[in-house]
There are 2 protein chains.
Amino acid sequence: MNKEDRVIMGFRDLYNKMVWLNKDKMEEGLKGYKSSEVHCIEYIEKNADSNVTKLAESLYMTRGAISKITQKLIHKGLIESYQKSDNKKEIYFRLTEQGKVIFRIHEDLHKEFQERDKAVFEHVTEEQFDSMLSFVEKYSRHLDAEIKKQGIDMKSE
Amino acid sequence: MNKEDRVIMGFRDLYNKMVWLNKDKMEEGLKGYKSSEVHCIEYIEKNADSNVTKLAESLYMTRGAISKITQKLIHKGLIESYQKSDNKKEIYFRLTEQGKVIFRIHEDLHKEFQERDKAVFEHVTEEQFDSMLSFVEKYSRHLDAEIKKQGIDMKSE
DNA sequence: CTTATTTTGTTGACAGGGAAACAAAATGAC
DNA sequence: GTCATTTTGTTTCCCTGTCAACAAAATAAG
């Protein structure tokens, strides 16, 4: 296997492992809340004026799925919706006080994971960090361009 | 946001993007086959004597899910099961000729993706590759240890 | 050898998310 | 202005994967 493949597959495996391991801990600390719900809460708190469409694009899910999740979160009293006076179509979300409690618990768990994995990062140099970051960003931009291209392709078919 | 987070989240986003983009192409080239089915086919071809349990662990899915997928693949005539004379419990899988056709199409698509992303890797030096690989492997081992620990924790609860 | 425990694969009930069709509002073309 | 197109959010149907209970075989404990 060449190095390109090894890097990609290595990261795939690492990512899967991380999700699998953290999911249990998450659902232990946040009983009754699915990870997708928590992801929505996290995004809503960090991004002002988030709506169904933005959530869907950022979390790589369909608008249908996000629509259902946000409705559930409203019923649970974790988020609330609001609109702007000049637009009767778009519906935005913000956290309620109760939602912020969940957000904070999630943040704490996140810190816990960071603490758990601290040792891995200890001997990573600044140069290595920067190298990885620039690689990730470059690849990400490349895929953005491909996704855009794909979007055009699809319509022309 | 610190660099640790940026690396992790950067990779998460990159991974999601890649899955999202490649899934369409995959389902275009392999009409009628779900990505999970293709993943099973890929693993079975690359690992001798694979069974439900090994597939589940490697693909980060439950045995129940893999059991259903492999049954479907058998009905479709893509894989076949066999047992060993000294064990009446474990059931292994191998690809049929038809399954190998699918495997090869998948391989070709994989190469196509590699070609598409070639530019990203062009200016990555050997040192950068090695640095990323060692990071991934180190992190992966760390998580393996944590997963193992978690396994023990769970039983003691 | 006998009995308890673990491993392996399967099943059925259930929930989460995707695809597609849809209505309502916003935007664009003219 | 009017009409067509696009954007946004919702709903219904359906498929996939999880969970938990299970049976059968293998292994461990005694």
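To find a chain, count down the sequence lines: A is the first, B the second, and so on, and within it residues start at 1. Model, not experiment: these values are computed from the prediction.
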Undergrad: Take atom CD1 of A:Ile69 and atom C1' of C:dA15, then tell me their distance rounded to the nearest Å.
TA: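 A:Ile69 atom CD1 is separated from C:dA15 atom C1' by 12 Å.
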Undergrad: Write down the distance between CH2 (A:Trp20) and C1' (D:dC19), rounded to a whole number of angstrom.
TA: 14 Å
Undergrad: Below the 4.0 Å mark, does D:dG9 have OP1 or OP2 next to a side-chain nitrogen or oxygen of A:Gln71?
TA: no
Undergrad: Please list residues of residues 86-94 of chain A whose heavy atoms come under 4.0 Å from any atom in DNA chain D, ordered by number; otherwise none.
TA: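 Result for residues 86-94 of chain A: A:Lys89, A:Glu90, A:Ile91, sorted by number.
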Undergrad: Could you state the NZ-P distance from A:Lys84 to C:dA25, rounded to the nearest angstrom?
TA: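 Those two atoms, NZ and P, are 19 Å apart.
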Undergrad: Say whether A:Glu127 and A:Ser131, considering side chains only, have a donor N or O and an acceptor N or O under 3.5 Å apart.
TA: no
Undergrad: Under 4.0 Å, heavy atom to any atom of DNA chain D: which of residues 40-67 of chain B qualify?
TA: B:Met61, B:Thr62, B:Ala65
Undergrad: Before giving the answer on side-chain contact (heavy atoms from CB on, under 4.5 Å), spell out for A:Leu95 and A:Leu78 the whole-Å C-alpha distance, their side-chain angles and the decisive distance to 0.1 Å.
TA: CA-CA 6 Å; A:Leu95 299 193; A:Leu78 299 171; over 6 Å; no
Undergrad: Taking only N and O in the side chain of A:Gln83, is any of them less than 4.0 Å away from OP1 or OP2 of C:dA25?
TA: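 Indeed not, no polar side-chain atom of A:Gln83 lies that close.
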Undergrad: Do you see a donor-acceptor pair shorter than 3.5 Å between the side chains of B:Tyr82 and B:Glu80?
TA: no
Undergrad: Taking atom NZ of B:Lys3 as the centre, report whether more than 12 heavy atoms of other residues, nucleotides or ligands fall under 6.0 Å from it.
TA: yes
Undergrad: Ignoring hydrogens and geometry beyond distance, is a side-chain donor-acceptor pair present between A:Tyr43 and A:Ser50 at under 3.5 Å?
TA: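 No, no side-chain donor-acceptor pair sits under 3.5 Å.
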Undergrad: Rounded to whole angstroms, how far apart are NZ on B:Lys68 and C1' on C:dT8?
TA: 16 Å
Undergrad: Tell me the interatomic distance from B:Lys72, atom NZ, to C:dT10, atom C1', rounded to whole angstroms.
TA: 16 Å
Undergrad: Could you tell me the separation between the CG atom of B:Asn16 and the P atom of C:dG18, rounded to a whole number of Å?
TA: 11 Å
Undergrad: Measure from NE2 on B:His39 to C1' on D:dT16 and round the result to the nearest Å.
TA: 15 Å
